[in-house]
There are 2 protein chains.
Amino acid sequence: MSPRTQQQLDKIRKERKQAIMDTALETFAEHGYESTSISMIARKTDISKGLMYNYFEGKEDLLTSIMTEGIEEMFSMADPNRDGVLTKEEFEYLIDGMFELMRVKSNFYKLYFSLMMQPSVSKLFMAKMNQVIEPFLKLFVDYYTKKGAKNPMVEAVLVGALFDGIGFNYVFNPDVYPLDEVIKLVKERFV
Amino acid sequence: MSPRTQQQLDKIRKERKQAIMDTALETFAEHGYESTSISMIARKTDISKGLMYNYFEGKEDLLTSIMTEGIEEMFSMADPNRDGVLTKEEFEYLIDGMFELMRVKSNFYKLYFSLMMQPSVSKLFMAKMNQVIEPFLKLFVDYYTKKGAKNPMVEAVLVGALFDGIGFNYVFNPDVYPLDEVIKLVKERFV
DNA sequence: TACTTTTGACCGACCGTTCAGTCATAAATA
DNA sequence: TATTTATGACTGAACGGTCGGTCAAAAGTA
């Protein structure tokens, strides 16, 4: 119908949408999903409350969009999709990438951790998250199998727990947490 | 003098209060603090909404009471207050106690983890929690110092993260998580 | 003009909280 | 024993406020 400006419109819409998602992620991470109101996000984004509903179907849709984007970004940035086996160096590289992601996208991780705590909400993302985690776990299992571990699966699960724990501690105390030294120790112990 | 004996009154109050706290902990753990309404707790406890305010000053006081009780229980059950040094056996015993506590008081841990995620709420318990955690951390540091570790502090921090991570994973997936095997591996690796 | 974006007043539902009043109980009285 | 009385656990309607969400109309753009 409109001859040409569709591209411009799309661009504006895309940017606005991203702006809303950015402030929403920030606010969700700081106050938690439930405690954050639509009005609060609208105010911070300098738009009206009503406009929120032009871009998202509702609060839950907004959350889902944010999480989906974050998960996909996580997947693409740390895609372990090589030949399927992990060398020593690749494992170390993977660890670095993982924690670098936590450093850069700490708000996403905050939100992720807090959502996982609420079974009623988490079901929505559990499946999607597992799709991301599973290939990593598989890689780890293969790695420890090749390394001759007694119980590679448990070894992999332990490493997973370690990542969660470190991330959990770092993300909520980034200023005082000795992340670099911890990472170094993880490599010494588990690679 | 009085229509009811003081003992009777005390007993009634104590039991009711505990009943409220029990259902509240359960509900907070399941739905999260913010998403749980006073009405919901009252309904589950089979009392009126108003009575809640006879026993607690408000929602936050209810939460604080639950957390305080849990933290104290945690402290008393896993009190590391021996001679200040940890032998190999004592360390293993401590680990067992820690995860046994997670098994038994999983709802408390769920709530604890979820509260730590919301800075606005967590400030209240951070201080108290640190009082519990600090002596453990100190014990660990001493242990690894005696063991001749290069950087005992980081070693202790890593163990702390590991406990958090395992707890986090177990508490939200108790049915499938291979806790026993993981504990065994933790002992092999870190004791 | 024809179309989309944007606004903010508005809605019903539910929130945490309050409070005037009810009611079961057991001590005191007769 | 029968009746009165004092007590505080307990109720539920109501309050001010905020929530997520709606919508008619204004503003902006071609």
Side-chain angles (χ1 to χ4, degrees), chain A residues 1-21 23-25 27-28 30-67 111 115 118 120-121 124, chain B residues 1-25 27-28 30-67 115 118 120-121 124:
Chain A
M1 309 303 167
S2 322
R4 188 207 69 82
T5 49
Q6 195 55 45
Q7 292 179 350
Q8 286 181 331
L9 290 180
D10 284 351
K11 193 184 167 217
I12 290 173
R13 274 198 81 79
K14 205 182 154 193
E15 284 171 0
R16 261 260 200 276
K17 191 163 183 173
Q18 195 57 54
I20 295 173
M21 285 170 70
T23 37
L25 172 55
T27 319
F28 284 157
E30 187 178 345
H31 300 97
Y33 173 67
E34 302 286 349
S35 297
T36 301
S37 70
I38 294 287
S39 318
M40 207 185 292
I41 298 168
R43 207 180 311 121
K44 275 203 186 188
T45 321
D46 273 322
I47 59 167
S48 69
K49 200 166 104 169
L51 191 55
M52 298 286 298
Y53 290 86
N54 183 295
Y55 286 93
F56 298 94
E57 285 172 24
K59 198 184 178 184
E60 193 175 302
D61 178 41
L62 174 55
L63 175 66
T64 307
S65 300
I66 290 171
M67 290 303 292
L111 183 56
L115 287 177
Q118 289 186 25
S120 44
V121 184
L124 286 166
Chain B
M1 287 295 179
S2 57
R4 274 195 190 79
T5 314
Q6 193 58 44
Q7 293 176 352
Q8 286 179 320
L9 290 179
D10 286 350
K11 194 183 167 222
I12 289 173
R13 279 199 79 79
K14 202 183 155 195
E15 285 173 358
R16 261 277 193 265
K17 190 162 184 172
Q18 195 57 54
I20 295 173
M21 284 170 71
D22 288 348
T23 39
L25 172 56
T27 319
F28 284 157
E30 186 178 345
H31 299 97
Y33 173 67
E34 303 285 351
S35 297
T36 301
S37 71
I38 295 287
S39 317
M40 209 185 289
I41 299 168
R43 207 179 311 123
K44 274 203 186 186
T45 321
D46 272 322
I47 60 167
S48 71
K49 214 162 95 164
L51 189 58
M52 298 285 298
Y53 290 85
N54 185 291
Y55 286 93
F56 299 94
E57 285 172 24
K59 199 184 177 184
E60 194 175 302
D61 178 42
L62 173 56
L63 175 65
T64 307
S65 301
I66 290 172
M67 289 305 290
L115 287 177
Q118 289 186 25
S120 44
V121 184
L124 286 165

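Everything numeric in this text was worked out from a predicted model, so none of it was measured. In what follows, every chain begins at residue 1, and chains take the letters A, B, ... in the order their sequences are listed.
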Taking the six-membered ring of Y55(A), is the NZ or CZ of R13(A) close enough (under 6.0 Å from the centre) and on axis enough (within 45°)?
yes
Are K59(B) and Y33(B) in a cation-pi contact, defined as NZ or CZ under 6.0 Å from the six-membered ring centre and within 45° of the axis?
yes
Mind listing the N/O atom pairs, protein and nucleotides 14-16 of chain D, below 3.5 Å?
none

Can you tell me the distance, in whole Å, between the [atom1] atom of [X] and the [atom2] atom of [N]?
X: K11(A); N: dT5(C); atom1: NZ; atom2: P; value: 16 Å
X: I38(A); N: dA13(C); atom1: CD1; atom2: P; value: 20 Å
X: K17(A); N: dT5(C); atom1: NZ; atom2: C1'; value: 15 Å
X: R43(B); N: dC14(C); atom1: CZ; atom2: P; value: 10 Å
X: E34(B); N: dT18(D); atom1: CD; atom2: C1'; value: 13 Å
X: I47(B); N: dC23(C); atom1: CD1; atom2: P; value: 19 Å

Within residues 50-65 of chain A, those residues having any heavy atom closer than 4.0 Å to DNA chain C are G50(A), L51(A), N54(A), Y55(A)
Is the distance from OP1 or OP2 of dC15(C) to the nearest side-chain N or O of S37(B) less than 4.0 Å?
yes
Closer than 4.0 Å, any side-chain N/O of R13(B) to the OP1 or OP2 of dG8(D)?
no
Answer whether the closest heavy-atom distance between the side chains of I41(B) and S37(B) falls below 4.5 Å.
no
Does any part of the side chain of T45(A), heavy atoms only, come nearer than 4.5 Å to the side chain of R16(A), both counted from C-beta?
no
Could you state the interatomic distance from NZ (K49(B)) to CZ (R43(B)), rounded to the nearest 0.5 Å?
9.5 Å
Here the gap from E57(A) atom CD to T64(A) atom OG1, rounded to the nearest 0.5 Å, amounts to 9.5 Å
Between T27(B) and T36(B): side-chain donor-acceptor atoms closer than 3.5 Å:
no
Check for a donor-acceptor pair, side chain of T23(B) on one end and backbone N or O of I20(B) on the other, with a separation under 3.5 Å.
yes
With a cut-off of 6.0 Å (strictly less than), are more than 12 heavy atoms of other residues, nucleotides or ligands near CD of Q18(B)?
yes
